Amino acid sequence: MENNQELELQIRGEGDEVLRSENNSNDTIRLQQLSKNKNYKKWFRVSLYIVFLLVGQSSATLLGRLYYDKGGNSKWMATLVQSAGFPILIPILFFFPRSSNSTSKREASILSLLLLYIFFGILLAGDNLMYSYGLLYLPVSTYSLLCATQLAFNAIFSFFLNSQKFTALIFNSLFLLTISASLLAVHSDSDNTTNVSKLKYIIGFLCTVGASAIYSLYLSLLELSFEKVIKRETFDVVLDMQIYSSFVASCACVVGLFASGESKTLREEYKGYEQGKVSYVMTLLWIAISWQISSVGLLGLIFEVSSLFSNVISTVALPAVPVLAVIFFHDKMDGVKVIALLLAIWGFLSYIYQHYLEEKKSKSRT
C-alpha cells in the first residue's frame, strides 16, 4: 500500500515537473515572440523615420533651389523657412508622455536649459544662413555633394568632443570626401550653371563647406549637452530642444530680415515671382514643412538609435539630389562631377560600414 502511494506521489511529481517544464517553455516562446514583435516595431519606426528624413531633406533642398530660380532672392527669408515650421512639431508632444526624472530636473536647471536653447538657436540660424548662401550661388548638385563633407567634420568633432575613435575606415572616408570636395573646387569654371560671378561661386562654396562644419559641430555639442548638462536623451527632451532652438533661430532670422533691409523687397519679390503669388507662398510653406518632416525623422533616429546614426542617414540623400537636380534644374553632370559623386558615395559607405562594425561589436559585448 505504501509502495503504491509512493509510486503515485512520484508520478504526480514527475507530472508537475513536466507541466512546469512545459509552462517555462511556453513562457520562453512568448517572451521570444514579444521580443521579436518589439524589434519589428522598432525597425518599422526606424524605417519610417529614415523615409521622413530623406524625403524631407531632398524636397526642402530642391524647393529651396526652385525659390531662387523663380525670382526669390531673400537669403534671410530662405533661412527663416528652414526653422519657422517648428509649430507643427508641438502636437507630437501630446502623443508622447513626459518622462519623469527628478534628479535630472535638478541638475538641468531652467537657466541652463534656457542658455542651451539660445546658444543652439543662434548657432542654427547662422548655419542655416550659410546654407542659404550656398544654395543661392551653387548648382544643386554641387551644393549636395559639398554637404557630404558634413561626415568628415562629424568624425573630427566627434573625436574631440564625443570620444569617437579614428579608424582606417574613417580615415578613408575623410580622404575620399576631401578629394571629392577638392575636385568640385577646381572644377568651378565649368560648373557655373547659376550664372553668378566666380567670386560669388567661391563664397557659395566656402559657405556650404562652413555650414557643413557648423552643423556637425552643432550635432556633437548637442550630444555633449544631453550627456553632461541635461543628463538624459528621451524623446520629449530631444523634441523640446528642437522646438525651442528653432524658435530662437526663427526670432534671430526675423531680426536679420529687418536689419538687412530685405523685408522692404519682399513685397516686390512676392508680386514678381515667376509662377505667381500663390506659388510663392506655397513654395515657402512647403520648404518649411519639408524641413520639419526632416526634423521629425532626425529626432526619431536620435531617440531610437543615436545622433551619430541620424547624421549618417541624413547623407543618404546625397546620390538622389544631384540626379534630381539634373532632371528638374538641368544641372551639368559631367565626368568630373560623376567622379566626385562616386568618391563621395565611397566615403559615405566607408563611414556606414564603420558604424556597422561598432554596432556589431557593442552587441557582442552585451
Side-chain angles (χ1 to χ4, degrees), residues 41-67 81-83 85-86 88-89 92 124 127-128 131 134-135 138-154 173 177 180 208 211-212 215-216 218-219 222 235 238-239 242 246 283 285-329 331 333 340-356 359:
K41 289 178 181 179
K42 176 185 176 180
W43 286 110
F44 172 76
R45 291 194 301 270
V46 168
S47 301
L48 191 63
Y49 291 142
I50 289 173
V51 171
F52 283 172
L53 178 56
L54 298 183
V55 171
Q57 183 175 289
S58 301
S59 301
T61 302
L62 292 172
L63 287 169
R65 181 70 255 173
L66 179 68
Y67 165 74
V81 293
Q82 292 181 53
S83 57
F86 70 89
I88 69 174
L89 296 178
I92 300 177
L124 195 61
D127 184 59
N128 290 342
Y131 274 128
L135 194 56
L138 296 177
V140 183
S141 52
T142 304
Y143 168 85
S144 299
L145 289 172
L146 288 175
C147 287
T149 57
Q150 176 182 318
L151 281 179
F153 290 115
N154 183 77
S173 177
L177 291 170
S180 176
T208 305
S212 299
Y215 188 70
S216 297
Y218 169 81
L219 290 178
L222 200 62
F235 189 82
V238 175
L239 194 59
Q242 175 67 21
S246 295
T283 299
L285 178 63
W286 279 107
I287 291 173
I289 292 174
S290 296
W291 277 122
Q292 295 310 312
I293 291 173
S294 174
S295 295
V296 171
L298 187 73
L299 294 172
L301 290 176
I302 290 174
F303 177 67
E304 294 287 351
V305 189
S306 69
S307 57
L308 176 62
F309 182 77
S310 66
N311 188 18
V312 173
I313 291 299
S314 68
T315 61
V316 172
L318 168 66
V321 175
V323 174
L324 293 172
V326 171
I327 296 172
F328 292 108
F329 298 105
D331 282 4
M333 186 58 77
L341 176 61
L342 293 175
L343 288 173
I345 293 174
W346 187 2
F348 165 73
L349 291 176
S350 295
Y351 204 97
I352 282 284
Y353 187 62
Q354 178 61 44
H355 179 74
Y356 165 76
E359 285 288 317

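This structure is a prediction, so every number in the text was calculated from the model and none was measured.
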To the nearest 0.5 Å, tell me how far Trp346 CH2 sits from Ser180 OG.
12.5 Å
Ser294 side chain to Ser290 backbone, donor-acceptor under 3.5 Å:
no
Can you tell me how far CG of Leu135 sits from OH of Tyr143, rounded to the nearest 0.5 angstrom?
5.5 Å
Okay, side chain of Ser58, backbone of Val55: is any donor-acceptor separation there less than 3.5 Å?
no
On a heavy-atom basis, which atom in Thr208 and which in Tyr131 lie closest, and how many Å separate them?
O-CE2, 4.3 Å
Nearest 0.5 Å, please: how far is CD1 in Ile289 from CH2 in Trp286?
4.5 Å
Counting N and O atoms only, with roles assigned by atom type, does the side chain of Arg65 sit under 3.5 Å from a partner on the main chain of Leu138, one being a donor and the other an acceptor?
yes
To the nearest 0.5 Å, tell me how far Ile293 CD1 sits from Trp291 CH2.
12.0 Å
Leu298 side, atom CG; Leu219 side, atom CG - distance, nearest 0.5 Å
6.5 Å
In Å, rounded to the nearest 0.5 Å, how long is the span from OH of Tyr215 to CG of Asn154?
10.0 Å
Passes side-chain contact (heavy atoms from CB on, under 4.5 Å), Gln82 versus Gln292? Steps please.
CA-CA 8 Å; Gln82 292 181 53; Gln292 295 310 312; over 6 Å; no
Counting distance only, does the side-chain N/O of Gln150 pair as donor-acceptor with the main-chain N or O of Ser216 below 3.5 Å?
no
Closest non-hydrogen contact found for Ile287 with Ala60 is O-CB, 4.3 Å
